[in-house]
Amino acid sequence: MRFTRRAAIAAVGVAALLSAAACGGGDGGGSSTKDVEVFTWWADGGEKAGLDGLVAQFGTACADYTFVNGAVAGGAGANAKQVLASRLQQNDPPDTFQAHAGAELSDYIKAGQVEDLSAQYGEWGLNNAFPKGLIDNLTVDGKIYSVPANIHRANVLWSNKTVLTQAGITKDPASLAEFFTTLDALKAKGVATPLALGKDWTQLMLLETVLISDLGPDKFTGLWNGSTDWAGADVTKAIDDFTKLLGYTNKDRDSLDWTDAEKLVMDGKAAYQLMGDWEAADLDTKGFKDYGYAVFPGNGDTFQWLADSFVLPKNAKNPDGTKCWLKTVGSAEGQKAFNTKKGSIPARTDANPGDYPQYQQTAIADWKTAQQVPSCAHGSACSQGFQGAANSALGKFSSDLDTAALQKALATAASQFAKTN
Ligand code: GAL
């Protein structure tokens with residue numbers, strides 16, 4: 001049923017985009033368009049605010065071109081990625097699209113769907129603008145294919161401060177054991193949903209953070225490069241802890257996007273939510289000030305990172321306009337306009353932390369010292385094939401709670417897809 005509904009959403013999205021392209025194409029002359037269609041899933045709230053910041057800077061730096069918003073709503077690109085896949089298959093790419101640095105980007109590179117930007121890196125002085133580790137994640141066979149807009153942190157626990165205070169919770173839980181005690185206390189005080197949760201990919205995020213706590217950062221990273229066995233007893237233990245956590249979540253989790261789960265926290269119906277730091281921007285945009293944040297219990301100083309980047313697709317209609325967009329994305333001004341509004345930190349190393357809201361100032365400091373691990377739910381750790389398999393295994397697990405089946409499905413996905421990293 002889930003698949004059918006998603007496929008329907010994607011089909012509607014494709015139809016809408018195709019007809020928009022047909023209407024907007026206008027003169028049919030074809031070659032010299034000013035339009036630059038930017039394809040993202042940043043349609044609302046803090047995500048849209050970030051995009052708007054970047055668009056404003058594009059308007060200043062690239063006045064010859066016109067931004068065309070190709071956003072398809074749905075957290076983590078749940079709908080957008082399906083629409084994009086159809087368009088790429090039909091050789092109808094947008095002028096640029098967002099892709100996560102790491103394995104997800106490698107999918108597009110290996111499929112020959114994106115252009116080499118190495119020359120532009122030289123021309124725009126980008127080779128030394130980003131951290132080397134990030135550049136490595138954007139590079140395949142010595143060529144670099146996208147421009148990073150940011151670094152997001154995935155392993156953040158958000159909370160409603162008033163709900164915690166009323167339940168007598170005065171400190172952030174530092175371990176999974178402390179977290180369970182805290183969740184029990186919230187339950188005992190009558191908090192309906194101690195931990196708010198959404199559908200498949202948000203469940204994958206939660207499982208990943210539990211794996212970081214139970215395996216530690218090095219073994220966790222090994223899950224994605226083949227050096228840690230998905231069939232191991234430590235993974236079973238993590239799935240058991242994850243199952244226990246599900247017991248504190250809202251029953252309707254499988255039908256909620258991340259913003260719906262976030263609303264439970266804003267409305268005081270839930271105490272906590274595990275989510276990436278786009279939540280900071282979204283809460284700010286929605287005017288909700290009563291929130292706290294902490295690293296997920298047991299993750300220590302691990303920074304689970306992901307990066308949004310933009311590409312020049314093969315056969316884009318307006319490559320010159322796209323290059324102006326990409327140059328803006330990589331510029332100091334573009335990164336500031338975007339990241340101050342998006343909850344993320346700049347990928348560039350020359351930013352001034354003082355320009356950023358308080359949350360990002362702590363993230364900028366943590367990024368410099370923390371141990372970095374990648375995210376599968378957001379493409380830095382695993383390919384889209386692995387991600388899809390993990391998401392559907394979690395969707396199934398959410399209703400049958402069959403630990404052995406989940407572990408087996410993840411191990412199978414790893415043997416099928418892990419080598420792509
Ligand atoms: C991630 C993306 C973020 C944010 C989030 C929620 O995949 O990298 O920028 O948009 O999804 O939709």
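Ligands are counted one by one from 1 in listed order, and the atoms in each one are counted from 1 as well.
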**Request:** Please check if any side-chain donor atom of Asp254 sits under 3.5 Å from a side-chain acceptor atom of Ser398, or the reverse.
**Result:** yes

**Asked** So, is Asp308 polar-close to ligand 1, with some N/O to N/O distance under 3.5 Å?
**Response** yes

**Asked** Any nitrogen or oxygen of Gly75, main chain or side chain, under 3.5 Å from a nitrogen or oxygen of ligand 1?
**Response** no

**Request:** Give a yes/no on ligand 1: does Gly77 have at least one heavy atom closer than 4.0 angstrom to it?
**Result:** no

**Request:** Answer yes if the side chains of Asn250 and Thr193 hold a donor-acceptor pair under 3.5 Å, and no otherwise.
**Result:** no

**Asked** What protein heavy atom sits nearest atom 1 (C) of ligand 1, and how far off is it?
**Response** His378 ND1, 3.2 Å

**Fill in**
In ligand 1, the atoms that come under 4.0 Å of a heavy atom of Leu306 are 8 (O)

**Fill in**
ligand 1 atoms nearer than 4.0 angstrom to some heavy atom of His100 are 1 (C), 2 (C), 7 (O), 8 (O)

**Request:** Quick one: look up the protein heavy atom nearest atom 3 (C) of ligand 1 and list residue, atom name and how far away it is.
**Result:** Lys342 NZ, 3.5 Å

**Message:** Tell me which one of His100, Gln304, Lys342 satisfies side chain to side chain donor-acceptor pair (under 3.5 Å) with His152.
**Reply:** Lys342

**Message:** Between the side chains of Arg348 and Asp350, is the shortest nitrogen-to-carboxylate-oxygen separation below 4.0 Å, so that they form an ion pair?
**Reply:** yes

**Message:** Regarding ligand 1, does Asn150 bring an N or O atom to under 3.5 Å of one of the ligand's N or O atoms?
**Reply:** no

**Request:** Run the salt-bridge test on Asp44 and Lys48 with the 4.0 Å N-O cut-off and return the result as yes or no.
**Result:** no

**Message:** Taking 4.0 angstrom as the limit and counting only heavy atoms of Ala76, give me the atoms of ligand 1 inside it, by number and element.
**Reply:** 6 (C), 7 (O), 11 (O), 12 (O)

**Asked** For Ala101, which residues count as a side-chain contact (heavy atoms from CB on, under 4.5 Å) partner, sequence neighbours excluded?
**Response** Leu134, Asn137, Leu138, Trp305, Ala307

**Asked** Is it true that Asp355 and Lys336 have a side-chain N and a carboxylate O under 4.0 angstrom from each other?
**Response** yes

**Prompt:** Short N/O distance, under 3.5 Å, between Glu47 and ligand 1?
**Reply:** yes

**Request:** Could you verify whether a donor N or O on one side chain and an acceptor N or O on the other, from Tyr359 and Asp277, lie under 3.5 Å apart?
**Result:** yes

**Proximal atoms of ligand 1 relative to Trp258 (non-hydrogen, under 4.0 Å)** = 6 (C), 12 (O)

